[in-house]
Amino acid sequence: MSGLSNSHAGLQANCVTAHRGPRSTIAGWGAAGRNSGFMIDLPHELGGENYGGGQEHDRKRIRMNRAAIEFSASAADEYGLQRFFVRAGKFHGAATDHGLAALREFEEHLAGLDEPFERLDGTQLKKITGTDFFVGGTFTPGTVMAQPAGFVRGVAEGLSSRVQIFEKSAVTSIQTGKLHTVRTTEGEIIAPRIILTVNGHLESFGFFKKRLLHVFTYASMTKPLAKSEQAALGGEPHWGLIPADPMGSTIRRIGDRIVVRNTFTYNPDMSTSQKQINQIGATHDRSFRTRFPMLGEVPMEFRWGGHLCLSLNSAPAFGEVEERVFVAGCCNGLGTVQGTLYGMLAADLAAGSDEPMIADALNEPAPSRLYPEPLMSIGAPLKLWTMQRRAGKEL
């Protein structure tokens, strides 16, 4: 949700955010509005064996993630978006002994951080999810479950009286100088400061070349479940569950619909195809029916893919890359919370704020250089395939 950087209204007179800005009809249409809606406060590194890292780094990450969540909470309060922003916590579900072992390691790491969690057995998870697919799990209370499209659109509407928002006017080039010129398909804007919140498309503007890893992940959403189908499923009407293995299936129930998210592909051109979405949809269908056999042949009504920007060392793309040109991107699979975090810090940095988290962000390493070709085009898909195979039944 990098567009949240615009809510620092004091920048509007001398700063332009060079991305397709939000408005009620377009806002939320891209990846920011199509994600699974987990604003996660705890360590969550997709590239690891589990979700934990070093304690010192994780404590800093938790503090910063929670600052982003509270920033979003203030926006929800200001613009009346509480229905799109629920402090529900998240479940981790394990389908195998391997998954349970990973969760035990994660719990030990949380205990070392003095972070609360609750251990659940399969019976307890079935009462929540309606399925006996999971043999055990872990609940952590700090995650916010957002309705991302509604939230992004609501923030855009809330800001529209204080900032100018231009849609359907994609930026085609930027000329930097004493005053920066941002050219679009519909005109140009001249401003002394620019904040680029375009995630992986930072490369399209010439920044972080050969340092950003472009990956797509995919989701499918069921048609609305009939009353009889909801009764057959049982469980609670609203919950979100991520897999014990980072490459497994994320499942979210939103009232009468269920969303399945799994599978990662390497797409260095930053695009996917309907064919690729349909092929991966078959994997979603298998994952769904394995978990919810009581629902029979409930069809998926929507399928989509979303662009993630990663770096090999899980570092963000953040800072002042040219004089008075600021960037926030490469959220490493945590776009809702880290996009918000680095968006708000980029605005603070551009405004000359003394916010101490700016120093924390600037002290992060830069995204490391990718391996040369053909190692990336061969190695990245192979690595993703290997990690997803390792996930096994968790997928």
Side-chain angles (χ1 to χ4, degrees), residues 1-11 15-19 31-32 35 38-48 51-75 113 142-144 155 193-203 205 207-209 211-213 308-369:
M1 298 181 185
S2 52
L4 289 182
S5 62
N6 290 334
S7 61
H8 289 252
L11 291 179
C15 181
V16 57
T17 52
H19 65 98
N35 65 75
F38 291 71
M39 291 196 78
I40 297 174
D41 58 333
L42 295 173
H44 190 85
E45 188 171 318
L46 287 177
Y51 297 102
Q55 282 196 359
E56 182 178 353
H57 180 267
D58 282 351
R59 285 194 176 95
K60 182 180 79 170
R61 175 57 53 203
I62 290 167
R63 173 172 52 82
M64 295 174 76
N65 286 350
R66 287 176 177 163
I69 288 173
E70 293 310 313
F71 179 85
S72 298
S74 67
L113 295 170
T143 293
V144 167
V155 170
R193 292 174 180 80
I194 295 173
I195 300 175
L196 276 167
T197 56
V198 292
N199 206 21
H201 276 287
L202 287 170
E203 273 199 304
F205 291 97
F207 302 112
F208 298 96
K209 284 284 191 179
R211 292 178 182 271
L212 305 181
L213 185 63
L308 302 181
C309 180
L310 315 176
S311 59
L312 291 178
N313 57 341
S314 299
F318 175 78
E320 187 174 6
V321 290
E322 289 187 13
E323 188 176 0
R324 292 169 287 106
V325 178
F326 307 89
V327 302
C330 192
C331 299
N332 289 287
L334 277 178
T336 51
V337 69
Q338 291 194 17
T340 300
L341 172 69
Y342 292 113
M344 64 192 243
L345 292 181
D348 283 333
L349 182 62
S353 167
D354 59 359
E355 164 58 55
M357 283 191 300
I358 294 174
D360 289 328
L362 291 174
N363 284 334
E364 293 274 359
S368 59
R369 186 170 293 277

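All heavy atoms count here, side chains included; hydrogens, waters and symmetry mates do not.
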Are any non-hydrogen side-chain atoms of [X] and [Y] less than 4.5 angstrom apart?
{"X": "Asp41", "Y": "Thr143", "answer": "yes"}
{"X": "Ile194", "Y": "Arg324", "answer": "no"}
{"X": "Leu349", "Y": "Phe318", "answer": "yes"}
{"X": "Pro43", "Y": "Ile62", "answer": "yes"}
{"X": "Leu202", "Y": "Arg211", "answer": "no"}
{"X": "Arg66", "Y": "Leu42", "answer": "yes"}
{"X": "Arg61", "Y": "Gln338", "answer": "yes"}
{"X": "Glu355", "Y": "Met344", "answer": "no"}

Looking only at non-hydrogen atoms, find the nearest pair between [X] and [Y] and report the distance.
{"X": "Val337", "Y": "Ile69", "answer": "CG2-CG1, 4.0 Å"}
{"X": "Ala315", "Y": "Pro365", "answer": "CB-O, 3.1 Å"}
{"X": "Thr340", "Y": "Ser72", "answer": "CG2-OG, 3.5 Å"}
{"X": "Pro367", "Y": "Ser311", "answer": "CB-CB, 3.7 Å"}
{"X": "Val327", "Y": "Ala346", "answer": "O-CB, 4.2 Å"}
{"X": "Leu212", "Y": "Cys309", "answer": "CB-SG, 3.9 Å"}

Is [X] reaching over with its side chain to a backbone N or O of [Y], donor-acceptor style, under 3.5 angstrom?
{"X": "Asn313", "Y": "Arg369", "value": "no"}
{"X": "Thr336", "Y": "Phe38", "value": "yes"}
{"X": "Asn332", "Y": "Leu310", "value": "no"}

Under the side-chain hydrogen bond (donor to acceptor under 3.5 Å, both in side chains) test, which residues partner Glu203, sequence neighbours left out?
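Scan of Glu203 (side-chain hydrogen bond (donor to acceptor under 3.5 Å, both in side chains), adjacent residues dropped) gives His214.
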Could you pull out all residues at least two apart from Arg63 that satisfy side-chain hydrogen bond (donor to acceptor under 3.5 Å, both in side chains)?
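Partners of Arg63 under the side-chain hydrogen bond (donor to acceptor under 3.5 Å, both in side chains) test: Asp360.
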Mind running side-chain contact (heavy atoms from CB on, under 4.5 Å) on Met357 and Asp348 for me, showing each step along the way?
CA-CA 10 Å; Met357 283 191 300; Asp348 283 333; over 6 Å; no
Yes or no on side-chain contact (heavy atoms from CB on, under 4.5 Å) for Glu320 and Arg193, after CA distance, side-chain angles and deciding distance?
CA-CA 10 Å; Glu320 187 174 6; Arg193 292 174 180 80; over 6 Å; no
Let me confirm one number: the CG-CD1 distance from Asn65 to Ile40, rounded to the nearest 0.5 Å.
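Taking CG in Asn65 and CD1 in Ile40, the distance rounds to 9.0 Å.
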Hey, what do you get for CD (Glu322) to CZ (Phe205), rounding to the nearest 0.5 Å?
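Those atoms lie 12.5 Å apart.
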